[in-house]
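Here it is, the structure in full.
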Amino acid sequence: GLGYWTNQFQGAVSWYPWTDQRMAIATAITYEVNGNQKGFNLTPGQNISFNWGVSQFLPLNKKESWQLTMGITGYGSWQVTADKGADASNTNQYKRVQGAGIQLGFIYQPMALSFSIHGFNQFNAKNLYQGQSYGLVIGKTF
């Protein structure tokens with residue numbers, strides 16, 4: 001890791017506009033409180049993040065055992081307090097970044113398996129890197 005602990009407080013909500021739950025609109029907010037960085041006199045500033053997504057499930061066979069999921073998603077992350085400590089060099093330069101992208105996945109219901117990929121284009125970055133990010137998620141519900 002980065003040499004410090006982070007405590008996260010998170011709340012999330014999802015809304016399904018139709019009774020068959022084929023579409024989901026979801027959002028989450030996370031507040032991060034960072035601890036002192038090991039080996040430095042530095043406590044990174046606190047952050048708040050907002051994530052959102054809209055996804056649609058489409059059955060791929062009559063039994064609906066195979067489903068395709070696709071959607072749009074995004075996030076924003078903002079530093080809300082200054083870095084502290086003698087080693088803090090950016091006490092007045094808060095970090096921020098936003099991103100938006102797409103996701104595509106497959107679900108196999110009989111085994112509760114899922115596989116998805118997503119890609120984000122980041123923008124509005126300040127004091128952070130800006131670019132693209134990609135991810136792969138493989139899930140199994142027990």
Side-chain angles (χ1 to χ4, degrees), residues 1-40 42-85 87-142:
L2 297 174
Y4 60 90
W5 285 94
T6 298
N7 293 299
Q8 293 185 335
F9 305 93
Q10 187 174 64
V13 65
S14 294
W15 176 56
Y16 302 94
W18 294 279
T19 57
D20 64 3
Q21 297 186 352
R22 67 183 180 267
M23 176 181 272
I25 300 170
T27 186
I29 191 164
T30 305
Y31 192 82
E32 300 175 12
V33 179
N34 298 311
N36 190 47
Q37 190 168 8
K38 185 178 178 180
F40 297 92
L42 172 65
T43 302
Q46 299 175 11
N47 299 298
I48 193 165
S49 299
F50 176 74
N51 296 23
W52 59 270
V54 178
S55 63
Q56 176 75 40
F57 290 93
L58 302 169
L60 296 176
N61 61 4
K62 287 184 181 185
K63 292 183 179 181
E64 296 188 14
S65 57
W66 283 97
Q67 295 181 353
L68 170 71
T69 178
M70 57 186 168
I72 57 172
T73 185
Y75 63 89
S77 182
W78 300 268
Q79 182 177 348
V80 294
T81 65
D83 294 348
K84 296 178 184 172
D87 294 326
S89 60
N90 64 341
T91 56
N92 293 323
Q93 298 177 353
Y94 291 14
K95 300 175 187 94
R96 73 171 185 234
V97 67
Q98 279 102 29
I102 59 171
Q103 62 185 19
L104 180 66
F106 293 96
I107 298 170
Y108 183 57
Q109 290 286 11
M111 295 182 65
L113 288 173
S114 64
F115 168 86
S116 67
I117 57 173
H118 60 263
F120 292 103
N121 185 46
Q122 297 173 323
F123 56 92
N124 201 24
K126 182 178 177 187
N127 300 316
L128 286 171
Y129 295 109
Q130 179 175 301
Q132 291 81 33
S133 65
Y134 305 94
L136 166 69
V137 178
I138 300 171
K140 166 77 175 131
T141 301
F142 295 98

Inset, instruction - Check W66 against N61 and note the closest heavy-atom contact, atom names and distance. - result: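 Taking every non-hydrogen atom into account, N-OD1, 3.5 Å.
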Legend entry - Side chain proximity check, Y4 to L42, heavy atoms < 4.5 angstrom: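 Sidechains of L42 and Y4: no contact.
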Legend entry - N127 side-chain N/O to Y94 backbone N/O, donor-acceptor pair under 3.5 Å: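 Yes, N127 side chain to Y94 backbone: donor-acceptor pair under 3.5 Å.
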Inset, instruction - Search all heavy atoms of A125 against all heavy atoms of V97 and return the closest pair with its distance. - result: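 A125 and V97 have their closest heavy atoms at CB-CG2, 3.9 Å.
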Legend entry - Atom pair CD1 (I107) and CD (E64), whose distance is rounded to the nearest 0.5 Å: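 Going from the CD1 atom of I107 to the CD atom of E64 covers 11.5 Å.
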Inset, instruction - For L128, look at atom CG and say whether over 12 heavy atoms of other residues, nucleotides or ligands are found less than 6.0 Å away. - result: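 Correct, the count exceeds 12.
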Legend entry - N/O donor-acceptor pair under 3.5 Å between T73 side chain and I102 backbone: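 It does not hold such a pair.
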Inset, instruction - May I ask you to decide if S77's main-chain N or O and K95's side chain share a donor-acceptor pair within less than 3.5 Å? - result: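 Such a contact is absent between K95 side chain and S77 backbone.
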Just distance, no hydrogens or angles: give the donor-acceptor pairs under 3.5 Å from side chains in residues 19-26, sequence neighbours left out.
| residue | atom | partner | partner atom | Å |
| --- | --- | --- | --- | --- |
| D20 | OD1 | R22 | N | 3.2 |
| D20 | OD1 | R22 | NH1 | 3.1 |
| D20 | OD2 | R22 | NH1 | 2.8 |

Legend entry - Spacing of F57 atom CZ and W18 atom CH2 [to the nearest 0.5 Å]: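 It is 13.0 Å, given to the nearest 0.5 Å.
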Legend entry - Over 12 non-hydrogen atoms of neighbours within 6.0 angstrom of NZ in K63: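 Open: at most 12 neighbouring heavy atoms sit under 6.0 Å from NZ of K63.
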Inset, instruction - Supply the atom-to-atom distance T27 OG1 to F50 CZ, rounded to the nearest 0.5 angstrom. - result: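 Answer for the OG1-CZ pair, T27 versus F50, is 3.0 Å.
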Legend entry - Test item: F115 and V137 side chains (from C-beta on) under 4.5 Å apart, heavy atoms: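 A side-chain contact under 4.5 Å is absent here.
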Legend entry - Shortest non-hydrogen separation from D83 to G45 and the atoms involved: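 Looking at all heavy atoms of both residues, the closest pair is OD1-N, 2.7 Å.
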Legend entry - Contacts of type side-chain hydrogen bond (donor to acceptor under 3.5 Å, both in side chains), residue Y108, not counting sequence neighbours: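 Residues passing side-chain hydrogen bond (donor to acceptor under 3.5 Å, both in side chains) with Y108: none at all.
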Inset, instruction - Could you tell me whether a side-chain N or O of Q122 sits under 3.5 Å from a main-chain N or O of G131, the two making a donor and an acceptor? - result: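 Present.
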Legend entry - Residues, nucleotides or ligands: over 12 heavy atoms within 6.0 Å of F40 CZ: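 No.
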Inset, instruction - Could you pull out the closest heavy-atom pair between N124 and Q130, with the gap in Å? - result: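 Distance-wise, the nearest heavy atoms are N-OE1, 3.4 Å.
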Inset, instruction - Taking ring-ring contact (aromatic ring centres under 6.0 Å, His included) as the test, write out the residues that go with F120, two or more places apart. - result: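 Listed in chain order: Y75, H118.
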Inset, instruction - Working to the nearest 0.5 Å, report the span between CG of N47 and OG1 of T30. - result: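 That separation rounds to 10.5 Å.
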Legend entry - S116 side chain to L104 backbone, donor-acceptor under 3.5 Å: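 Absent.
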Legend entry - Value rounded to 0.5 Å, distance of CZ in F106 from OG in S114: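 That separation rounds to 12.0 Å.
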Inset, instruction - Establish, from distance only, whether the side-chain atoms of N121 and Q132 form a donor-acceptor pair under 3.5 Å. - result: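 Short answer, yes.
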Inset, instruction - Determine whether Y31 and N7 make a side-chain contact, defined as any pair of heavy atoms from C-beta on separated by less than 4.5 Å. - result: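 Side-chain contact under 4.5 Å: no.
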Inset, instruction - Locate the shortest heavy-atom distance separating E32 from S49; write the atom from each residue and the value. - result: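 The answer is OE2-OG, 4.2 Å.
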Legend entry - Taking every non-hydrogen atom, the tightest pair across Q79 and T81: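 Heavy-atom minimum between the residues: NE2-O, 2.8 Å.
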Legend entry - Distance (rounded to the nearest 0.5 Å) between W5 CH2 and N36 CG: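 Here the rounded value is 14.5 Å.
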